[in-house]
Amino acid sequence: MRFWLVKSEPDSFSWDDQVALGAAGGPWDGIRNYQARNNMRAMALGDRAFFYHSNMGKEIVGVVEVCALSHRDPTTDDPRWDCVDFRAIAALPRSVTLTDCKSEPALADMALVRQMRLSVQPVTALEWQRVCDIAGWDGALNLRA
DNA sequence: GCCAACGTTGGC
DNA sequence: GCCAACGTTGGC
């Protein structure tokens, strides 16, 4: 089980949009960056990711789960671009802002802080736990079962 | 809306 | 394979 963070501008695809897709989820398409694509290729079924609202909000608002492995991006004919599918797991009780991450020493090295423009990025287990703690979400504990 | 960071493209 | 020009992301 590995952890990730994905960014979306709520104007184009918001957390509510993700929730509306239900348990079937949907493709995380439109990614046109090699590093982001490679991260998606490295994902396994059941891996979890924070859902981050860029631009408006600038905060982590929910948790999604990989429900389909990397496959061709349906929004382009260009064979270079792949995507995984995500389904919503839970909205965080409290969202965690970019400012929160910058000011929390344990989170200051997150890719979210250090690599501003990467839209699909890895999160360490420690970072994952810390964000869940700040968010007041105990779902992370279930992972150990 | 501005602009810094940085990824991509294309000429050489 | 270098690097200048260009385009995009995303915080502010």
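Chain A is the first sequence line, chain B the second, and so forth, proteins listed ahead of strands; every chain is numbered from 1.
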Task: Donor-acceptor pair between A:Glu59 and A:Thr97 side chains, under 3.5 angstrom - done: no

- [ ] Decide whether A:Trp4 and A:Asn39 meet the rule of one side-chain donor and one side-chain acceptor closer than 3.5 Å.
- [x]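 Looking only at side-chain atoms, A:Asn39 and A:Trp4 do not form any donor-acceptor pair under 3.5 Å.
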
Task: Atom pair distance, as rounded to whole Å: CD in A:Gln115 and C1' in B:dA4 - done: 15 Å

Open item on the list: Using a 6.0 Å cut-off, check whether atom CG of A:Asp77 has over 12 heavy atoms from anything other than its own residue.
Closed with: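 No, not enclosed.
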
Task: Results of ring-ring contact (aromatic ring centres under 6.0 Å, His included) for A:Trp15 - residues two or more places apart only - done: A:Phe51

Open item on the list: Is there a salt bridge (charged side-chain N to carboxylate O under 4.0 Å, His left out) between A:Arg32 and A:Asp78? Walk through the geometry before answering.
Closed with: CA-CA 10 Å; A:Arg32 304 288 183 266; A:Asp78 192 328; over 6 Å; no

Task: Under 4.0 Å protein heavy-atom contacts per nucleotide of nucleotides 7-12 of chain C, with B for base, S for backbone only and - for none - done: BBBBBB

